[in-house]
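Working notes, structure below.
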There are 2 protein chains.
Amino acid sequence: MNESEFLAGYDPRAYPAVAVTVDVVALTIRGGELHVLLVQRGEQPYAGRWALPGGFIRPGEDLPEAAARELAEETGLAERVHIEQLASYGAPERDPRMRVVSISYLAFAPGLPDPRAGSDAADAAWHRADRLPELAFDHERILGNGLERARDKLEYTPLATAFAGERFTISELRAVYETVWGVPLHAGNFHRKILSVPGFVESTGETTESGGARGGPRAKLYRAGDARLLHPALLRPAREEEVR
Amino acid sequence: MNESEFLAGYDPRAYPAVAVTVDVVALTIRGGELHVLLVQRGEQPYAGRWALPGGFIRPGEDLPEAAARELAEETGLAERVHIEQLASYGAPERDPRMRVVSISYLAFAPGLPDPRAGSDAADAAWHRADRLPELAFDHERILGNGLERARDKLEYTPLATAFAGERFTISELRAVYETVWGVPLHAGNFHRKILSVPGFVESTGETTESGGARGGPRAKLYRAGDARLLHPALLRPAREEEVR
DNA sequence: CAAATAGTGTCTGTCAGACAATATGCC
DNA sequence: GGCATATTGTCTGACAGACACTATTTG
């Protein structure tokens, strides 16, 4: 049976209600560590459990719009945030109350502030991505997919610049890669490689005001370039275990 | 407002109904050309227009399950078909009748048969991917995303073997790449490269019964190997225009 | 035999990674 | 001064793409 026949013979309003939500995997870097935004549920089911921020789509609201709204409600920020669709989840029993299909979104932003305290959830906070509490629903799976997507996208898109500020040094950019990938990178090789990718970064002509905290020369400042894809890509160190 | 508070204060059944459908971008290779499965709509809106096969999810049915069912209803095939989630679309006006959120799936299979004639739609047929009719709804966009995903996945996964038969020659595999990418590849270099990727293909020890139709030696036969990712990847010839 | 195809060998340029070297600025 | 960091240079091995070559089979 296909869509046209189905529509002809069925009134979907007669079906059990299907709810559509968006859930947001919001990532930021704070203090050199990758953090994820979580809210603490105030209601059953999973009351008290941490969960991804999200909620029902509203009439007349497009999906990315709903994701941006959910994120803005928790962080107060809507600008300078990169947001993209991740995947959808619709297992029949993923929410015990009713059939809920969730569209997940991935958001990246530089140094986001603490979540707005008095918004609505019991609590909202940034959690270190490597020390996560137990999550409600299937949010652990969604979050895992979001982290993996973020790691992948650093390879072939200039996404890392979305984690850095307006102007940044090559070392700061390297810190983003090291944080998200969780591996140390060779400073010299990284430096040369970044500058060899056309359109990744462009020089501002400026340098930092002073050297590093523990010494070193002033570093040149760059801003994001106009490349949408990195060519050649910055490949992660080989992950043999993922190949088979 | 987040999910918990929303649920506390709102009854989603009071909202205008939201319908959830799956739409399938099914790809196969027939006669050396990439083809897409389309059904012709019998009902308004877009009556007579071609569209992607798809339909409403059913109670108790998971999303991939629904996609596999829709595909099987049109092709009669469910085995040897690779299927994966593509993206979701939920613009408020994408279906003029009501709010419809569609989860799209991508399916690949070797030489699928003609669609089942008397199934249900006004008509169902394979269309060449380079000669598509005007499509209903936002299906042109969905289909475009599906084709792009397929091209990408050939680069870093052994997906091409899903388009080939159980046993295949390197030349047949090359034809898959050339068809999906739409570019000619160098036979000698391709041959050497395929064999250099660990786990991509494994030899069966057999050869074809005879040489090619227009001459040439018998080719060795291979089957798909156990690699899930290609390392190193088979990169498409550089696409400068896509970088910026 | 001519043409087409399978499969291999060689060469060159690019690039990643290891390592070294130099310069600058904080303590 | 001693140390950490920024930036550049050198070398090596892997690999992609161009090209050439041999062997095999069809018509």
Side-chain angles (χ1 to χ4, degrees), chain A residues 32 154-156 164 167-178 181 183-198 200-222 229-240 243, chain B residues 32 154-156 164 167-178 181 183-198 200-222 229-240 243:
Chain A
L154 284 198
E155 292 192 325
Y156 58 92
R167 299 177 310 159
F168 49 85
T169 66
I170 301 293
S171 292
E172 286 167 356
L173 195 61
R174 176 164 50 86
V176 171
Y177 276 90
E178 291 179 331
W181 284 350
V183 296
L185 299 173
H186 186 285
N189 290 338
F190 182 86
H191 199 106
R192 177 164 31 80
K193 190 160 170 175
I194 295 299
L195 296 184
S196 76
V197 177
F200 192 2
V201 299
E202 61 185 39
S203 175
T204 64
E206 305 163 309
T207 66
T208 51
E209 292 293 320
S210 61
R214 285 170 295 185
R218 299 176 180 185
K220 293 178 186 168
L221 285 168
Y222 297 84
L229 294 173
L230 303 185
H231 208 78
L234 280 87
L235 298 179
R236 270 186 277 183
R239 293 148 284 151
E240 280 305 325
V243 172
Chain B
L154 285 197
E155 292 192 324
Y156 57 92
R167 299 178 310 158
F168 50 84
T169 66
I170 301 293
S171 293
E172 287 167 356
L173 195 61
R174 177 163 50 86
V176 171
Y177 276 91
E178 291 178 330
W181 284 351
V183 296
L185 299 174
H186 187 285
N189 289 338
F190 183 86
H191 198 105
R192 178 163 30 79
K193 191 160 168 174
I194 294 300
L195 297 183
S196 77
V197 177
F200 192 2
V201 299
E202 61 186 39
S203 175
T204 65
E206 306 162 308
T207 65
T208 50
E209 292 292 321
S210 60
R214 285 170 295 187
R218 298 175 182 187
K220 292 178 186 167
L221 285 168
Y222 298 84
L229 293 173
L230 304 185
H231 208 78
L234 281 86
L235 298 178
R236 270 189 277 184
R239 294 147 283 152
E240 280 304 327
V243 171

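Numbers restart at 1 for each chain; the letters A, B, ... are given by sequence-line order, proteins then strands. Remember, it's a predicted structure, so these values are computed and weren't measured experimentally.
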- Which pairs, with at least one residue in residues 201-219 of chain A and sequence neighbours excluded, count as a salt bridge (Lys or Arg N to Asp or Glu O under 4.0 Å)? A/Arg167-A/Glu206, A/Glu202-A/Arg223

- Residues passing the side-chain contact (heavy atoms from CB on, under 4.5 Å) test with B/Ala187, sequence neighbours excluded, are B/Arg174

Give me the distances for all protein-to-nucleotides 12-17 of chain C N/O pairs that come in under 3.5 Å?
from   : atom 1 : to       : atom 2 : distance (Å)
C/dA16 : O5'    : A/Lys193 : NZ     : 3.3

- Query: Looking at NZ of A/Lys193 and CZ of A/Phe200, how far apart are the two atoms once the value is rounded to the nearest 0.5 Å?
  - Reply: 10.5 Å

- Task: Take the protein atom NE2 of B/His191 and the nucleotide atom P of C/dG9, then report the distance between them rounded to whole Å.
- Result: 11 Å

- Query: Which residue, B/Leu195 or A/Gly188, contacts DNA chain C at a nucleotide closer to its 5' end, judged by nearest heavy atom?
  - Reply: B/Leu195

- Message: B/Ala164: which residues meet the side-chain contact (heavy atoms from CB on, under 4.5 Å) condition with it, sequence neighbours left out?
- Response: B/Phe168

- Query: Under the ring pair (Phe, Tyr, Trp, His ring centres under 6.0 Å) test, which residues partner A/Phe190, sequence neighbours left out?
  - Reply: A/Tyr177

- For B/Leu195, side-chain contact (heavy atoms from CB on, under 4.5 Å) partners two or more places apart: B/Ile170, B/His191, B/Val201, B/Tyr222

- Message: Looking at every non-hydrogen atom in both residues, tell me the closest pair between A/Val197 and A/Pro232 and how far apart they are.
- Response: CG2-O, 3.6 Å

- Would you tell me if any nitrogen or oxygen in the side chain of B/Ser171 comes within less than 4.0 Å of OP1 or OP2 on C/dT5? no

- Query: If every non-hydrogen atom of A/His231 is compared with every non-hydrogen atom of A/Pro198, which pair is closest and at what distance?
  - Reply: O-CD, 3.3 Å

- Covered region of DNA chain D, 5' end to 3' end, by chain B [heavy atoms, under 4.0 Å]: D/dA16 to D/dG27

- Task: Taking all heavy atoms of A/Ile194 and all of A/Leu234, pick out the closest pair and write down the distance.
- Result: CD1-CD2, 3.6 Å

- Task: Taking all non-hydrogen atoms of both residues into account, name the closest pair between A/Arg192 and A/Asn189 and its distance.
- Result: NH2-OD1, 2.7 Å

Might you list the N or O atoms of the protein lying below 3.5 Å from N or O atoms in nucleotides 23-27 of chain C, with each pair's distance?
from   : atom 1 : to       : atom 2 : distance (Å)
C/dT24 : O2     : A/Pro217 : N      : 3.1
C/dG25 : O4'    : A/Gly216 : O      : 2.8
C/dG25 : N3     : A/Gly216 : N      : 3.3
C/dC26 : OP1    : A/Gly211 : N      : 3.4
C/dC26 : O4'    : A/Gly215 : N      : 3.4
C/dC26 : O3'    : A/Ala213 : O      : 3.2
C/dC27 : OP1    : A/Ala213 : O      : 3.4

